[in-house]
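Every chain is numbered from 1 and lettered A, B, ... according to where its sequence line falls, protein lines coming before strand lines.
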Amino acid sequence: MLTRNMKAKPATPEQRILAAIRAVPRGQAASYGAIARRAGLPGRARLVARILGQNDDPALPWHRILRSDGRIAFPADSPEFLEQSQRLRAEGVDVRNGRVRLLEDEATLDAAVWGPR
DNA sequence: AGAATGACAGGAA
DNA sequence: GTTCCTGCCATTC
């Protein structure tokens, strides 16, 4: 009911990014750039990275976010790298050489974020 | 205010 | 298919 205050945008950029991340279906992966884009913040891929780094919510599927080339963003020798590949495999994602197959069909992620039509 | 840094992206070599 | 280099954004020195 549009009382006072029509800010109509209760979600801060951070909120929208977190929402976009949570919207990535289990067993699938998306790039930082794709998340930023889906959150309505094109060009803010690095912001997505920053948010993830500060995030403390254990329920956030951070492991589903990778670089645009499908490569895990952590150094191959870091514990985080291992953790991420392990989590991805646990969801049935084929992790070959620190790299996965991300969604080629952006519409799928769109649907997950904006809702199926 | 200028320089350096980082869970990035995209095009060139 | 890979590696390198440049561009971008936001934050911290």
Problem - Enclosure of A:N97 CG (heavy-atom neighbours >12, cutoff 6.0 Å) - result: no
Handout entry: Close residues, residues 68-78 of chain A, relative to DNA chain C [heavy-atom separation under 4.0 Å]
Key = none
Practice task
Indicate the atoms forming the closest heavy-atom contact of A:Q84 with A:I72, along with that distance.
Solution key: OE1-CG2, 3.1 Å
Problem - Minimal non-hydrogen separation, A:S78 against A:P75, with atom names - result: OG-O, 2.8 Å
Exercise for the section: Would you confirm whether A:R89, through its side chain, and A:V95, through its main-chain N or O, come within 3.5 Å as a donor-acceptor pair? Expected result: yes
Problem - Atom-pair distance (CD1 on A:I17; P on C:dC9), nearest Å - result: 14 Å
Problem - Gap between atoms CD and P, on A:E14 and C:dT11 respectively (whole Å) - result: 10 Å
Problem - Distance in angstrom units between A:E80 CD and B:dG6 C1', rounded - result: 15 Å
Exercise for the section: Look at A:R99 and C:dT2 and indicate whether a side-chain polar atom (N or O) is within less than 4.0 Å of OP1 or OP2. Expected result: yes
Exercise for the section: Write down the distance between OH (A:Y32) and P (B:dG10), rounded to a whole number of angstrom. Expected result: 14 Å
Problem - A:E91/A:R87 salt bridge by N-O under 4.0 Å criterion - result: no
Completion exercise
In numerical order, the residues of residues 45-59 of chain A whose heavy atoms come under 4.0 Å of DNA chain C are A:R46, A:R50
Problem - Presence of A:S31 side-chain N/O under 4.0 Å of B:dA9 phosphate oxygens OP1/OP2 - result: yes
